[in-house]
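To keep things clear, I will list the structure first and then write my remarks on it.
Just so you know, ligand 1 is whichever comes first in the structure, and atom 1 is the first atom listed for that ligand. Keep in mind that what you see is a predicted model, and the values were worked out from it rather than measured.
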Amino acid sequence: MEHPSPVVILGTGYTGLVIHALGQARGLRVLAGSRSPDEHLASIPPSQRLRFDLARPQTWADIPERARLIWCFPAIPETLVQGFAERVAPRISRLVVLGSTSAYEPAAPQKEGAAASLIDEDSPLNLALPRVRGEEWLRAHCGAIILRSAGIYGPGRHVLDWIRQGRVTASPRYVNLVHVEDLAGICLAALEQGRAGEVYNVSDSQPRPWAEICRIAQQRWGVESSKKNRKPEGGPGKRLSIAKLRRDLGYTFRHPDLYEALDAIENAAHHKSERL
Ligand SMILES: NC(=O)c1ccc[n+]([C@@H]2O[C@H](COP(=O)([O-])OP(=O)(O)OC[C@H]3O[C@@H](n4cnc5c(N)ncnc54)[C@H](OP(=O)(O)O)[C@@H]3O)[C@@H](O)[C@H]2O)c1
């Protein structure tokens, strides 16, 4: 039987580490790329590490033939992205690129005071952003599948801490979020089932106003913002549609409910601190 080609993670940070663990658990051959693999990927066996630096094209040659790539850092600068597309794309089999919902222009509310309209994959892009141009280049020239991700949360990085730190306020502004384990699963689903050259929005499907999250954080966990008088961020925020992901990728969410997921994260952190 033919072995499936290796999955290579370009940029193994917060999300990449979870993709690596999930791929391993599924019996895939996964290589984790980093600019400093020995320093940054000490938790991964050396045979599963790869030195990769977009700024050092000599490292591109170490990507195995026919590999399936998941690109997990901003696709900039454009000249290097274009060089990568020309030299590496012809010898790989699949490319998934993690983008961000910041690629979309904010949708205007349909009428004053109403919630922003839903954003789907056909919504206008902000091509003034270099990373968006990089992603679009990879999509047009290499058939890259672009995943435009909502805010990523999970253990060690989540909204309750952002509220505690005063980084967010109880405004009517909408936010879209996705648990890092679901994002990792969706990256692998896109490698398997995504259509080359397509874009998929990624979130837990539930845009929420910050005011709702702050209210539930206070009621359920007693979490309050440390900076009460911080000026709220302007604009209505974005409400993301993931109908295309649901239709085409056949992915079942492990963490469809933000508040259940936050409860599990808080409990795990509490038990960990008790053990120390
Ligand atoms: N954080 C969010 O809420 C959010 C939301 C939407 C989208 N995104 C996007 O989703 C992607 C993954 O996010 P993340 O938070 O998991 O990222 P992350 O933790 O910053 O990991 C990305 C890793 O890529 C590597 N890297 C950076 N520049 C590189 C370069 N020029 N060449 C090679 N490797 C490079 C770095 O690892 P080494 O130093 O080890 O090389 C870095 O740790 C990013 O593109 C991010 O912008 C993030």
So, regarding [X] and ligand 1 (criterion: nitrogen or oxygen to nitrogen or oxygen, under 3.5 Å), is there a contact or not?
| X | answer |
| --- | --- |
| A55 | no |
| S100 | no |
| T15 | yes |
| S36 | no |

Tell me if the CZ atom of R215 is crowded by more than 12 foreign heavy atoms within 6.0 Å. yes
Rounded to the nearest 0.5 Å, what's the gap from [atom1] on [X] to [atom2] on [Y]? Could you check?
| X | Y | atom1 | atom2 | result |
| --- | --- | --- | --- | --- |
| L28 | S5 | CG | OG | 10.0 Å |
| S123 | L118 | OG | CG | 8.5 Å |
| L191 | L147 | CG | CG | 9.0 Å |

Which option out of G16, C72, A150 puts a heavy atom nearest to atom 12 (C) of ligand 1? C72
In terms of its nearest heavy atom to atom 8 (N) of ligand 1, the top option of L17, I152, L98 is I152
For Y251 and L188: C-alpha separation, side-chain torsions, deciding distance, then whether side-chain contact (heavy atoms from CB on, under 4.5 Å) applies. CA-CA 10 Å; Y251 179 78; L188 292 179; over 6 Å; no
Residue pair I186 / L249, side-chain heavy-atom distance below 4.5 Å: yes
Side chains of Y200 and D248: does their closest heavy-atom pair fall under 4.5 Å? yes
State if [X] counts as touching ligand 1 under the rule of any non-hydrogen atom under 4.0 Å.
| X | value |
| --- | --- |
| R131 | yes |
| G99 | yes |
| E39 | no |

Please report which non-hydrogen protein atom sits nearest to [atom], along with the residue it belongs to and the distance in Å to one decimal place.
| atom | result |
| --- | --- |
| atom 21 (O) of ligand 1 | G13 CA, 3.2 Å |
| atom 32 (N) of ligand 1 | L54 N, 3.1 Å |
| atom 1 (N) of ligand 1 | R157 NH1, 3.1 Å |
| atom 33 (C) of ligand 1 | F52 O, 3.6 Å |
| atom 29 (C) of ligand 1 | F73 CD1, 3.5 Å |
| atom 19 (O) of ligand 1 | Y14 N, 2.9 Å |
| atom 36 (C) of ligand 1 | R35 NH2, 3.5 Å |
| atom 6 (C) of ligand 1 | S149 O, 3.2 Å |

Proximal atoms of ligand 1 relative to [X] (non-hydrogen, under 4.0 Å):
| X | value |
| --- | --- |
| D53 | 32 (N), 33 (C) |
| H40 | 38 (P), 39 (O), 40 (O) |
| S34 | 38 (P), 40 (O), 41 (O) |

Salt bridge or not between D38 and R49? Use side-chain N to carboxylate O under 4.0 Å. yes
Can a salt bridge be assigned to the pair E198 and R148 using a cut-off of 4.0 Å between side-chain N and carboxylate O? no
Suppose we call two aromatic rings close when their centres sit under 6.0 Å apart. Are W137 and F84 close by that rule? no
Verdict with supporting geometry, R131 and E135, salt bridge (Lys or Arg N to Asp or Glu O under 4.0 Å): CA-CA 6 Å; R131 85 171 281 169; E135 290 160 11; 3.1 Å; yes
Validate the cation-pi geometry between R220 and Y259: distance from NZ or CZ to the six-membered ring centre under 6.0 Å, angle to the ring axis within 45°. no
